[in-house]
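Read the structure below first, then the notes.
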Amino acid sequence: MCDDMSLPIPATFRNGVDRRTFLKIVAQATAAIGLSGTLAAKVVEAVEKGARPSVIWLHFQECTGCTESLLRTSHPGLAEVVFDLISLDYHETLMAAAGHQAEEVLESAIKKNAGKYVLVLEGAIPTKENGNYLQIAQKTGIDILKHAATSAGAIVAIGSCASWGGVPSADPNPTGASGVNQILEGKTVVTLPGCPANPYILLGTLLQYVALGRLPELDELGRPKFAYGRVIHEHCPRRAHFDAGRFAEEFGDEGHRLGYCLYKLGCKGPSTHASCSVLHFCEVVDAWPIGLGHPCFGCTEQAVAFRIPMLKPAEIVRPTPPATYAPISAPQGSISPFATGIGGLIGGALIGVGFMASKQFGRKTEQSTSETPKQDQPGTSGKE
Amino acid sequence: MDVKRRDIIKALFGGSAVAALATSVGVVPTAKASEAEAVTPLPEAVGLMYDATKCIGCRACMPACQNENGLTPDTGSTGGLYQQPETLNSSTKNLIKLYTAPDGHERSFMKQQCMHCVDPACVSGCPMEALHKEPLGVVGWNPSLCIGCRYCQIACPFNIPKFEWHKVNPKIVKCELCRHTVGKTASQPACTRVCPTHAVIYGKRSELLAEAHRRIAERPGFYFEDRVYGEIEGGGTQCLVLSHVDYSNLGLPKLDRESAPSQVRRSTNFIYRGFLTPIVAYGGIVAIMRNRWKDHLEHVEKEKQPESPSQENRA
Amino acid sequence: MTATWQKCIRLKEPLLTKPFYVFAGLAAVALLLGLFRELTGLGYVTGLNDGYSWGLFKNWNVTALTALGSGGYAVAVMAWIFNERKFHPILRTAVLTSLLGYGTGMLALGVDVGRPWNFIHMNNPRNWNPHSVLLEVAVCMTAYALLALDMENMPPFLERIYRGSDPQKSARALKFFNFMQKTFPFGIALAFVLPSMHQSSLGSLMYLAGNRVNTLWQTPRLPLLYLLMAYILGFACVLLVLLLSSYAWDLGRDSVILGKLASVMSWMTLVWLAIQFIDLGYRGVVGQLLIFNRYSVCFLTETILLLIPAIALRSASVRATAGSLFRMTFLLTLGGLLYRFTPTTIAFNPLGDYRYFPSVAEILMSIGFTSIAVVIFLFAVKKFAILPASAGKIAAEAAMPPFDTL
């Protein structure tokens, strides 16, 4: 918690927000995404130095859900973010400009903040037909992206669409929708998949960039590890039910009503890296799919969302022991009845043959004891 | 030279009596003999001590062991849902088991892994010492010497070594106290590293024994028969177990004070020490055979008849 | 049909008979399954598991059947050391059964072992673990099979070359045969010492398992009991082979030789039983026989299968009658094989709740390996002079007469 109260109110504060309120906003914001209290101080410091980073937000093949989800935050609220923490220089949904004026704004923002602005991308970019499926001001999405990315300080792809293609990329992917990573090769792109992405992950990333001037630690797909380091299954409130083997078998059945594990209803929690189980949505506790009784469908994962059927069970990648224990001595090995039968038959046959042979010997003794050899009998037994 | 039936019987009886005497004398235990053959623990021997009264059954040690040793989890009959081995097997080197008394009044967890015996039967039986004792007393397996005879599975009194039955290149799988990382990238095995209650701890056997005795002395009557399992059982083990329930209920066998390999050594050394008996026997038989062979050749000569095909086989 | 066996003859019977095809078929099945095992793994062709990791191959084909294959050893001891001249005509048959018993036993061992490519390291004595009983068995058996048994079985083979049409080969065969005769005492002594060592070690193998072998069988006297049982079963095997062969191919029956074999065998069995029961008493476990469980039933079955034939064969008339001789020997063989097999499997209790019964493939392979021995035996007796025959049969057949001394 920042306790430096002696700094003067900087001119960048708008709407007459007092310092106390501002500090509260920052503290809430950093706490909401798990950054330490000292970071809050750095954010304040950075903002007071006038370091409100420029953010340019581009839209492509998207439903605007990610922007919408951003509107449903209050720690900080979007107003505080836009007015106090960042300088949102271009956002097609929120800005008032349109037409040529909008294009000019975009160009000037890019030029003015070259090398420093945060480029946020929402939506997939179509690649088929030279990208002609999306044109804004007679420029294809690919061109817009490449142009804007050239001088960006940080590139953030918000939502599954921008991260790997999302819904538009579902089979048969007629437009060739791709994520930003596939277009901008060689650049570090922070991807925040999710459908929609949880807004606090974006806020956390931005705040860290504001405060420390660098992006959070990313995994091999560009996802911040603080949000995408675990699969839902490893951080799910219903995990105890899974371990104890308590499952909902059908929607509305007894188990479902009791809040049992939704694995058998096709929950993709075991395959999905995300933080929905702790962050929830709309700032309502348990407002996330599993919390509401619907299995996770893996919206952050390219291999899962819109590919694997909703009700098909997921693969458990790192299984752990369940709530039951092995006994001191568990029965092992099985005896095949067929084999026992065969064994018995053979044993019996052997003994039977042995006795039959011995009878034959007996019979031969009764015959003549002359030493003249008998006729050769080619078919006689030579058994041991 | 005609040998009568009674001579044969005398020889047989005499021979078998001598043999019986020889082997019997070799194995009637005398204090001196067992001391001479017993193996003392290496001074730097390390091991584990598992206190079942502290174990909470969290099984963190099981996935930790899996990860450290690169084993695929045994999901068995769970359809891929859980890691649920019922016994140690070729993908499970460490297992937590639960003992419940039939009347339900007594419970104890049990951690099962290789006991790293002071005088291991598996090492004694292994034809080329693929299973061998390392300098710290850890029993390790060497894949380049193992022929897969599985004598170790027959020998081990704890039934620990497991075999990969369904592989073309099968391994013997058992706990090796993480010897591939301990001392290099880690200071202790994975299981002791993750145990939240320190129910299982790693250290020098002498120190672990001292700690065990200290715990027993601290709470007399609490631990079963006020003793720690592995101190003397089967010649001693480097992995010790403390429990408040009968050790037999935890699947730990009752073993003689003298290890099985020591008993086998006493029995075989009597005859084979210095390879004396076979050499003497060989010499004796050669001596007898030279006489017999000479007589045999003379006999054959005498029996030759003029009209039979010519014999060229004179000695 | 009594007769006096004097020399060994080569049978003029045709080779490809119905029984030959049957055994060859079983042998082929075993070899195919063996190949399948090499390509996939032991778990696919056997019912073995981590509790019962030794099954039919090691415990039956090696431990039990090589005792049958000790005929060459037992009969040779009688013929040479105890100077029983009359046994010389049956020596070739006996050592052949030994070679085949050991050969197929080692084949089974080779298939059973999980990592056979490391066998090559066994050639270096520096890798040997001097305390390992199994190593002793492996090295000693190999040495016996490769050196002693091969040498003992050379004479019929050399003889055929000698009587063949190529004079160069003939000369070489004769040279080698003379070399054999010169070094015979040294070679044959090896054939007496080596089997004593490994047949007793086969018993010591299970001694290491401690109280996992039921107390009725687990004793420090295991090596002695196994060694004596090897003698007994060796005699039994030779008896059975001679009886069956003489019946099948009209060799005549030398009741003196067979009677002598049976007599020694029955005496030894009685001594063996005495040692076993004295040992039970000494260890104080006779009471275990009174508890009705599978162990006491098994032990008593063994004992009865050994005792009744042993007593019966003390009677000269039983020994003289082919039928009863065969029956009694057969029962005795079953009892002896059961004894050799039981401590390894039936009386073996690994810690934990394990169950084992050989799989169908395992049973077929085990039978198939034995069939290989039968097939080779049938082949050998019709190509070389191995089986003993009476003077009349020899004259009638005008078969290839053998070398005289071996």
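In what follows, chains are A, B, ... by sequence order, proteins preceding strands, each numbered from 1.
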| Atom CD of Gln112(B) and atom NZ of Lys97(B): how far apart are they, to the nearest 0.5 Å? | 3.5 Å
| note | Most heavy-atom pairs under 4.5 Å with chain B, out of Ile120(C), Val137(C), Leu48(C), belong to Leu48(C)
| Heavy-atom contact with chain B under 4.5 Å, split by part of Arg85(C) | side chain
| said: Is Asn211(C) close to chain B through its backbone or its side chain, or both, or neither, when contacts mean heavy atoms under 4.5 Å? | reply: side chain
| said: Pair Asp279(C), Gln276(C) - check side-chain hydrogen bond (donor to acceptor under 3.5 Å, both in side chains), show working. | reply: CA-CA 5 Å; Asp279(C) 176 69; Gln276(C) 197 187 35; over 6 Å; no
| query | Measuring heavy-atom distances to chain B, does Leu190(C) have an atom under 4.5 Å in its side chain, in its backbone, in both, or in neither? | reply | both
| field | His299(B) versus chain C, the contacting section by heavy-atom distance below 4.5 Å | value | side chain
| request: Let me see the working for Thr63(C) and Trp54(C) under side chain to side chain contact (heavy atoms under 4.5 Å, CB included), right down to the final yes or no. | output: CA-CA 11 Å; Thr63(C) 305; Trp54(C) 282 3; over 6 Å; no
| note | Honestly, the part of Trp117(C) sitting under 4.5 Å from a heavy atom of chain B is side chain
| task | Please assess Ser90(B) against Lys171(B) for the test side-chain hydrogen bond (donor to acceptor under 3.5 Å, both in side chains), listing each intermediate value before the final yes or no. | result | CA-CA 8 Å; Ser90(B) 55; Lys171(B) 299 200 241 330; over 6 Å; no
| task | Could you tell me which portion of Lys162(B) (side chain, backbone, both or neither) has an atom closer than 4.5 angstrom to a non-hydrogen atom of chain C? | result | both
| What about His121(C) and Trp128(C), are their ring centers closer than 6.0 Å? | no
| Mind checking whether Trp165(B) and Phe163(B) have parallel, tilted or perpendicular rings, split at 30° and 60°? | perpendicular
| said: Quick check on Phe186(C) against chain B: is it the side chain, the backbone, both or neither that has a heavy atom closer than 4.5 Å? | reply: both
| Option that, when pairs with chain C are counted at under 4.5 Å, heavy atom only, ranks first among Ile288(B), Leu88(B), Asn169(B) | Asn169(B)
| query | Gly125(B), Gly251(B), Ala121(B): which one forms the most heavy-atom pairs within less than 4.5 Å of chain C? | reply | Gly125(B)
| remark: One option among Lys58(C), Met206(C), Glu136(C), Arg126(C) has the most heavy-atom pairs under 4.5 Å with chain B, and it is Lys58(C)
| Relative to chain C, which of Ala130(B), Cys126(B), Ala155(B), Cys146(B) shows the most heavy atom pairs under 4.5 Å? | Cys146(B)
| message | Applying side chain to side chain contact (heavy atoms under 4.5 Å, CB included), can you list everything that pairs with Ser132(C), at least two apart in sequence or on another chain? | response | Pro127(B), Asn129(C), Leu134(C), Leu135(C)
| note | Partner of Thr237(B) under side chain to side chain contact (heavy atoms under 4.5 Å, CB included), picked from Cys117(B), Ser259(B), Pro157(B), Cys114(B), is Cys117(B)
| field | Top of Asn49(C), Leu39(C), Thr46(C) for chain B proximity - count of heavy-atom pairs under 4.5 angstrom | value | Asn49(C)
| message | Taking side chain as everything from C-beta outward and backbone as N, CA, C, O, which of these in Asp256(B) sits under 4.5 Å from a heavy atom of chain C? Side chain, backbone, both or neither. | response | neither
| note | Counting heavy-atom pairs under 4.5 Å with chain C, the top scorer among Ile147(B), Ile172(B), Asn89(B), Thr87(B) is Ile147(B)
| Heavy-atom pair with the smallest gap, counting every atom of Val39(B) and Arg265(B) | CG2-NH2, 3.5 Å
| With only heavy atoms counted, which part of Thr40(C) is less than 4.5 Å from chain B, the side chain, the backbone, both or neither? | backbone
| query | Side chain, backbone, both or neither: which part of Pro170(B) has a heavy atom under 4.5 Å from chain C? | reply | both
| task | Please look at Leu225(C) and chain B and tell me whether the side chain, the backbone, both or neither of the residue comes under 4.5 angstrom of a heavy atom of that chain. | result | neither
| Is it the backbone or the side chain of Tyr231(C) that comes under 4.5 Å from a heavy atom of chain B, or both, or neither? | neither
| query | Can Gln153(B) and Asn159(B) be said to form a side-chain hydrogen bond (donor to acceptor under 3.5 Å, both in side chains), step by step? | reply | CA-CA 6 Å; Gln153(B) 295 191 295; Asn159(B) 199 17; 5.9 Å; no
| message | Which atoms of Ser200(C) are under 4.5 Å from chain B, going by heavy atoms: the side chain, the backbone, both sets, or neither? | response | side chain
| request: Determine the interplanar angle of the Tyr52(C) and Phe348(C) rings, folded into 0 to 90°, and report it as parallel if under 30°, tilted if 30 to 60°, perpendicular if over 60°. | output: perpendicular
| field | Engaged part of Ser201(C) at the chain B interface, taking heavy atoms whose separation is under 4.5 Å | value | side chain
| field | Region of Ile188(C) that comes under 4.5 Å of a non-hydrogen atom in chain B | value | side chain
| task | Could you label the plane-to-plane angle of the Tyr229(B) and Tyr247(B) rings as parallel, tilted or perpendicular, counting under 30° as parallel and over 60° as perpendicular? | result | tilted
| request: Could you tell me which non-hydrogen atom of Val133(C) sits nearest to which non-hydrogen atom of Tyr151(B), and how far apart they are? | output: CB-OH, 4.4 Å
| field | Which atoms of Ala209(C) approach chain B - backbone, side chain, both or neither, heavy atom under 4.5 Å | value | both
